[in-house]
Amino acid sequence: MSRILRSLAVLALALTLAAPVMAVQPDEVLDDPALEARARELSAELRCMVCQNESIDASNAPLARDIRILLRERLEAGDTNAEVLDYLVARYGEFVLLKPRFNASTLLLWLTAPLVLILGGIAAWVGVRRRRTATDAAPLSAAEEAELERVLSDDTRG
Amino acid sequence: MLNELGHYALVLALALALVQSTVPLAGARMRDARIMRIADPVAGMVFLLVGLSFAALMVAYVRSDFSLLNVFQNSHSAKPMIFKISGVWGNHEGSMLLWVLILALFSALVAAFGGALPRSLKATVLSVQAWVLVAFLVFILATSNPFVRLSPAPLEGQDLNPILQDIGLAIHPPLLYVGYVGFSIAFSFAVAALIEGRIDAAWARWVRPWTLLAWLFLTLGIAMGSYWAYYELGWGGWWFWDPVENASFMPWLAGTALLHSAIVMEKRDALKIWTILLAILTFSLSLLGTFLVRSGVLTSVHAFATDPTRGVFILGILIVFIGGSFALYAWRAQMLRPGGLFAPISREGALVLNNLFLTAACATVLVGTLYPLVLEALTGEKISVGAPFFNLTFGPLMIPLLMAVPFGPMLAWKRGDLFAVAQRLWVALVAALVTVAVVAWLAGNTHLLAALGIGLAVWLMAGALTEPLVRAKVGREAFGTSVRRLVGLPRSAFGTMLGHFALGMTLFGIVASSAFESERIVVMTPGETIEIAGSRLTFEGMVAEIGPNYRQEVGVFRSVRGGRAAEMRPAKRIYTARQMPTTEAAIRTHGLSQLYLSLGDAKEGGAIVVRAYDKPFVLLIWLGAVVMALGGLVSLSDRRLRVGAPRPAAKRASGARTA
């Protein structure tokens, strides 16, 4: 019985050790705090490619650790942030960037917000203008007067 | 036996839902009140039958009946009772059944409490609601039947995914689903209005409370999910812009816009066509969310279904409902007469601005979520769209919107005076500017953006408080009179105040916790002490423990802060049945801030990797959401007095005098 327990304990220990490691490890951290801050900033923008929508900064996967170490090596070698990203894109493809670059195939992605704002703004403006000019011409009917009265008395209550 | 009964009840529910989806609608067209009246008892019966089916599945889980494939795959006899119960919806089949149960509940609620609705509108609404019910009941019976038997029955189950064995699973999905599915009412009303070709302020008065109810549950559901991710995933992140999170966030954004445009429609009879579109869009996004999560198109912790037939089936439902309702909209919308007029600077104008920015934000999230899928399908090119993209695009859209929020409720309907409102808001503005100066002075130049963010949060909170005070003429009339005015304000005014104030709270929490977070990642040996943001943390050693269905290694820490000590016990668990490891963070709350501790790898000599974070004001993120939902509730309590009854006419007359 005790042998079973012991082998279970060994198994448990083995599994604990085999469990995925936690994101950034103490031995990865660079001595220079400014450089380390840049490394953290960059790793939040890089995708762990074997994970599901996780940055390498948050990921436990061994591949993420490899890339974290790699990018720190590049930073220590004196690369700028842009050079590090170029280097990783050359190695792993655009897929590695969590914030895609602005180019022909991501045009619509980046322009969605401004397009909706501008087109929606124009539509709203035109709608309000057109409706105002339309009313200036037509006087209110008796039913509309009553409705207006109702709405206005409603107004004072909020 | 009970399992077969549950299965049978589901089939019966489908049969009755088919009746509900056709007969009342036909009755409404024929203007036959007797036929229309069929809708009410049928809707009630459908709810009872789906409820019976759900109860049968729950009993199977509670009794650990492994002769059901679904129970075998997702449960274990040693699992604590609360997780046996919540495990019912911790899997694809069960969660779809919960989805349909809530859908049936909402249609039963309309049947029960919709007495004051025009009869033909009510019958049409219930029929439309039943279309959705039929689609999802067929989906469950054809592809996701939770009552499939297994023979011979295994002795033990495979247990539930350990990440889901948490109180979060008991609360998060039901809240979220009430929100998601609750928007089906707004959808059914919109489609019914298009079918009837008639819409007026009473329609909005009806739709608003249902939308508000769905919205407040969705708010709580999202916040709960966020807090769950925060403590469960072990590194203190609370929002990841994960596609599944986006799937719940999009209906929230659209629903928030709907809530505001429905106000314009109710009060001023304007923006009707837009409100109808928004109601359709909001539920379409709920359906899209269900599709994204349930089809396995996106891989994530939530997607426990990766069966292509299911995906195709839900895609079919999606195309029929979204395509159908938009076609109906294109065909019938011009029949709706545009109403109420207003100047660009007015309460209506402010609400249009709100809708514009919320829609743009929602579109950004939608395009960002689907873009990688579509691009890969079209060109084969693989790109990632993650948190950095959303932060960069979503953030800037929110800033002008949030700056405008305090102005909105203070502008007059039809034609407002921006300058006069700005004068009334001067106290809030001064409070915000002083905050920016103080934070910038305390934190130094490097945190200028954070100072501005916190200033914006204070602007929102102070601005929200200003509105009822100005309306009560506090400081301009005798104190007693002002207090009486304040008490006499309608509840919806306080709902608005709470909602907008809470937005400021959440923003405060987000900015403060991300800008002023402290982090230590260190190897600690027993007896070692570290300092983090004013807390002293001593590692006392590791302890092994055995739980009901897991084993764990617990790190025992003593944290001292301001002379008060507390024990913190972060752990690493192995769930026995699945041999799956999880990390359990330990959290110590001080004020609105939290000290967050999680364990990494064990090292030689009893040492262990420790990740410690101090997150100032982090609790405000979720407290804000709770207060937001509370605002919804307060507003709802006001609605109930007025909704759908001729009675309030008398009250309104007396109300006008006191206000």
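In what follows, chains are A, B, ... by sequence order, proteins preceding strands, each numbered from 1. None of these values were measured; they are calculated from a predicted model.
- Between chain B and the options A:Leu108, A:Leu117, A:Thr112, heavy-atom pairs under 4.5 Å are most frequent for A:Leu117.
- With a 4.5 Å cut-off on non-hydrogen atoms, A:Ser55 does not touch chain B at all.
- In this structure, A:Trp125 CH2 and B:Leu356 CG are separated by 13.0 Å, a value rounded to the nearest 0.5 Å.
- Contacts between residues 77-88 of chain A and chain B, counted as heavy-atom pairs separated by less than 4.5 Å, involve no residue at all.
- Proximity to chain A (any heavy atom under 4.5 Å) is shown, for B:Ala493, by neither the backbone nor the side chain.
- Proximity to chain A (any heavy atom under 4.5 Å) is restricted, for B:Tyr371, to the side chain, taken from C-beta onward.
- With a 4.5 Å cut-off on non-hydrogen atoms, A:Leu97 touches chain B through its backbone but not through its side chain.
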*Criterion side-chain contact (heavy atoms from CB on, under 4.5 Å) on A:Trp110 and B:Leu392, from CA distance to verdict*: CA-CA 10 Å; A:Trp110 282 106; B:Leu392 195 64; 3.8 Å; yes
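- Among residue pairs with one or both ends in residues 378-387 of chain B, those qualifying as side-chain hydrogen bond (donor to acceptor under 3.5 Å, both in side chains) are A:Arg47-B:Ser384, A:Ser105-B:Glu381; sequence neighbours excluded.
- B:Ile383 touches chain A through backbone and side chain together, each having a heavy atom under 4.5 Å away.
- Neither the backbone nor the side chain of B:Leu353 comes within contact range of chain A; no heavy atom of the residue lies under 4.5 Å from a heavy atom of that chain.
- Between chain B and the residues A:Val116, A:Leu98, A:Leu119, the largest count of heavy-atom pairs under 4.5 Å involves A:Leu98.
- Neither the backbone nor the side chain of A:Leu115 comes within less than 4.5 Å of any heavy atom of chain B.
- No more than 12 heavy atoms of other residues, nucleotides or ligands sit less than 6.0 Å from atom CD1 of B:Ile546.
- Proximity to chain A (any heavy atom under 4.5 Å) is shown, for B:Val523, by both the backbone and the side chain.
- Interface remark: A:Ala44 contributes backbone atoms only to the contact with chain B (heavy atom separation under 4.5 Å).
- Only the side chain of B:Leu375 comes within less than 4.5 Å of a heavy atom in chain A; its backbone stays farther off.
- Counting non-hydrogen atoms of other residues, nucleotides and ligands closer than 6.0 Å to CG of A:Asn103 gives a total above 12.
- Contacts of B:Trp241 with chain A are made by backbone atoms alone, with heavy-atom separations under 4.5 Å and no side-chain atom involved.
- The part of B:Glu519 that comes within reach of chain A is its side chain, from C-beta onward, which places non-hydrogen atoms under 4.5 angstrom from that chain.
- Of all non-hydrogen atoms in A:Ala124 and B:Val352, the two that sit nearest each other are CB-CG1, 3.8 Å.
- Separation of atoms NZ (A:Lys99) and OG1 (B:Thr393) is listed at 10.5 Å; rounding is to 0.5 Å.
- Of all non-hydrogen atoms in B:Val385 and A:Pro100, the two that sit nearest each other are CG2-CG, 3.9 Å.
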